[in-house]
There are 2 protein chains.
Amino acid sequence: MSQIQILSKNQKIVLKIIEQAKEPLKAYSILFNAQKKGIKAPPQIYRALDKLIQKGKIHKIESRNAFVACKNSKCEISKATAFSICEKCEKVTEINIPKITKVLFAFKDKSGMSCKKYNLELFGLCKKCA
Amino acid sequence: MSQIQILSKNQKIVLKIIEQAKEPLKAYSILFNAQKKGIKAPPQIYRALDKLIQKGKIHKIESRNAFVACKNSKCEISKATAFSICEKCEKVTEINIPKITKVLFAFKDKSGMSCKKYNLELFGLCKKCA
DNA sequence: CTACAAATGTTATATTATAACACCTGTTAT
DNA sequence: ATAACAGGTGTTATAATATAACATTTGTAG
Ligand SMILES: [Zn+2]
Ligand SMILES: [Zn+2]
Ligand SMILES: [Zn+2]
Ligand SMILES: [Zn+2]
């Protein structure tokens, strides 16, 4: 009931693994890492991932089926996520473009739908790879 | 060599199925539909999908693992794609927000990466579901 | 004709994700 | 205290999505 986001045991294990990684992690790679902590099966990972996303602790990079820790207090519990992704080395950076957020939350499509949440993925080459 | 995008037999079959659908189609649902045309196995579908994406004829809705025909001549061969997605009925609409395109192609992240391509997915409730 | 690029057909397999069910743990309400 | 409930866990099995690998064919350019 409280708004303080307390994490369960498995949620803590999964979050720690994701936070310590230098790149986005796939679910089965998290599972592999979590096995030394006693986690044995995919549902344990996917359930923790779902909750961590809901709680704004991590994000899913949809185009990569991979997960990163939130680096950005401005995500407003994952309602506005954006990432730049290097297509060569796959480096992912969480970004924040206030103008984009402003424009999108004001936008309505032809059928009158407005945006409550968005995910934006930018592709290019990072400095090292360019 | 020519810039005219000629489609192969399987590419035409897959594109037609996607164009005739009223909603985004999943790969295995396309496969099911394509079986009456003689297509038998997933790789035939995935190869056609890849080429159709390259040629700008279709887009992948990453958050749904589903494919839609391009409704928008301004995608510039899929370098700038955006969709609104109703979280209740899953209706997907391809949208174009010129201001977003302008801002994003001018953007550089902290490490100097600039955007050559982007995909944006907006979530909310459509008029009917709101 | 030859050589090459693109596409196809096929089998098998890898990868990503969920269903279903039994059990446990802590809180709230009576 | 105890029943009812919500959230979490453990487990097995399976569904859904996607690719590897290889043999063959087709179209086209030199
Ligand atoms: Zn974030
Ligand atoms: Zn890079
Ligand atoms: Zn388009
Ligand atoms: Zn709707």
Side-chain angles (χ1 to χ4, degrees), chain A residues 1-18 21 23-68 87 90 92 119 121, chain B residues 1-18 21 23-68 77 90 92 119 121:
Chain A
M1 192 53 65
S2 92
Q3 289 309 104
I4 300 168
Q5 296 290 15
I6 292 174
L7 300 182
S8 74
K9 173 172 147 283
N10 287 359
Q11 288 160 24
K12 281 179 197 160
I13 292 169
V14 169
L15 179 57
K16 192 172 177 191
I17 290 169
I18 295 173
E23 61 283 316
L25 291 183
K26 306 253 194 179
Y28 276 73
S29 141
I30 296 166
L31 173 58
F32 179 80
N33 274 270
Q35 277 168 344
K36 51 181 84 74
K37 300 286 183 188
I39 289 182
K40 289 180 180 152
Q44 297 173 288
I45 300 298
Y46 282 103
R47 287 191 293 226
L49 290 171
D50 286 348
K51 291 296 182 180
L52 290 169
I53 289 169
Q54 283 174 27
K55 295 175 183 179
K57 300 298 187 186
I58 63 169
H59 304 302
K60 181 175 186 181
I61 310 299
E62 294 286 357
S63 66
R64 299 299 187 259
N65 298 316
F67 302 86
V68 292
E87 290 189 294
E90 295 290 326
V92 169
N119 181 57
E121 299 184 6
Chain B
M1 190 52 67
S2 93
Q3 290 310 104
I4 300 168
Q5 296 290 16
I6 291 174
L7 300 181
S8 75
K9 172 172 148 283
N10 288 0
Q11 288 160 24
K12 280 179 196 160
I13 291 170
V14 169
L15 178 56
K16 193 173 177 191
I17 290 170
I18 295 174
E23 62 283 316
L25 291 183
K26 306 251 193 180
Y28 276 70
S29 140
I30 296 166
L31 173 57
F32 179 80
N33 274 269
Q35 278 168 343
K36 51 180 85 75
K37 301 285 183 190
I39 289 182
K40 289 182 180 150
Q44 296 172 290
I45 300 298
Y46 282 102
R47 288 191 293 227
L49 289 172
D50 286 349
K51 290 297 183 180
L52 289 169
I53 288 170
Q54 282 174 27
K55 294 176 182 179
K57 300 298 188 187
I58 64 170
H59 305 301
K60 182 174 186 181
I61 311 298
E62 294 286 357
S63 64
R64 299 300 186 260
N65 297 316
F67 302 86
V68 292
I77 316 290
E90 295 291 325
V92 169
N119 181 57
E121 299 183 7

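Only this structure's heavy atoms are used, side chains among them; waters, hydrogens and symmetry mates stay out. Below, chains carry the letters A, B, ... as their sequence lines are ordered, and counting in each starts from 1. Since the model is a prediction, treat every value here as computed from it, not as a measurement.
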Q: Measure the distance from OH on B/Tyr46 to P on C/dT15 and round it to the nearest whole Å.
A: 15 Å

Q.
I want to verify a distance call: between D/dT12, D/dT19, D/dG10, whose nearest atom is closest to the A/Pro43 side chain?
A. D/dT12

(Q) Looking only at the side chain of A/Ser8 (C-beta and beyond, no hydrogens), which of the listed nucleotides D/dT9, C/dA7, C/dA17 gets closest? (A) D/dT9

Q: Write down the distance between NZ (A/Lys60) and P (D/dT17), rounded to a whole number of angstrom.
A: 12 Å

Q | 5′-ward residue of the pair A/Gln11/A/Gly38 relative to DNA chain D | A | A/Gln11

**Q.** Nearest-angstrom distance from the residue atom CD of B/Gln44 to P of C/dT11
**A.** 10 Å

Q. Between A/Gln35 and A/Asn33, is any side-chain donor less than 3.5 angstrom from a side-chain acceptor?
A. no

(Q) Can you measure B/Leu15 atom CG to C/dA7 atom P for me and round it to whole angstrom units? (A) 14 Å

Q | Interatomic distance, B/Arg64 CZ vs D/dT17 C1' [rounded to whole Å] | A | 16 Å

(Q) Between P on C/dA12 and NZ on B/Lys40, what's the gap in Å once rounded to a whole number? (A) 15 Å

Q) Is the phosphate of D/dT9, meaning OP1 or OP2, less than 4.0 Å from a side-chain N or O of A/Lys37? A) no

Q.
Counting only side-chain heavy atoms from C-beta out, which of C/dT10, D/dG10, D/dT19 sits nearest to A/Lys9?
A. D/dG10

Q) Would a 4.5 Å heavy-atom cut-off, applied to side chains only, mark B/Pro24 and B/Phe67 as touching? A) no

Q: Side chain of A/Ala41 only, please: which of D/dT9, D/dT12, C/dG9 is the nearest?
A: D/dT12

(Q) Tell me if a side-chain donor or acceptor on B/Lys26 pairs with a main-chain N or O of B/Arg64 at a distance below 3.5 Å. (A) yes

(Q) What is the separation between atom CD1 on A/Ile45 and atom P on C/dA17, rounded to the nearest whole Å? (A) 12 Å

Q. Considering heavy-atom distances to DNA chain C, does B/Pro42 or B/Lys51 have its closest nucleotide positioned more toward the 5' end?
A. B/Lys51

Q.
Rounded to whole Å, how long is the line connecting atom CG of A/Asn10 with atom P of D/dG8?
A. 10 Å

Q) Do the side chain of A/Tyr28 and the base of C/dA17 come within less than 3.5 angstrom through a donor-acceptor pair of N or O atoms? A) yes

Q. More than 12 foreign heavy atoms under 6.0 Å from NZ of B/Lys55: is that the case here?
A. yes

Q.
When you compare the side chain of A/Ile53 with that of A/Lys60, does any pair of heavy atoms fall below 4.5 Å?
A. yes

Q) Does A/Asn65 make a side-chain N or O approach to OP1 or OP2 of C/dA17 shorter than 4.0 Å? A) yes

(Q) Should the side chain of B/Arg47 and the base of C/dG9 be counted as holding a donor-acceptor pair, with the cut-off at 3.5 Å? (A) yes

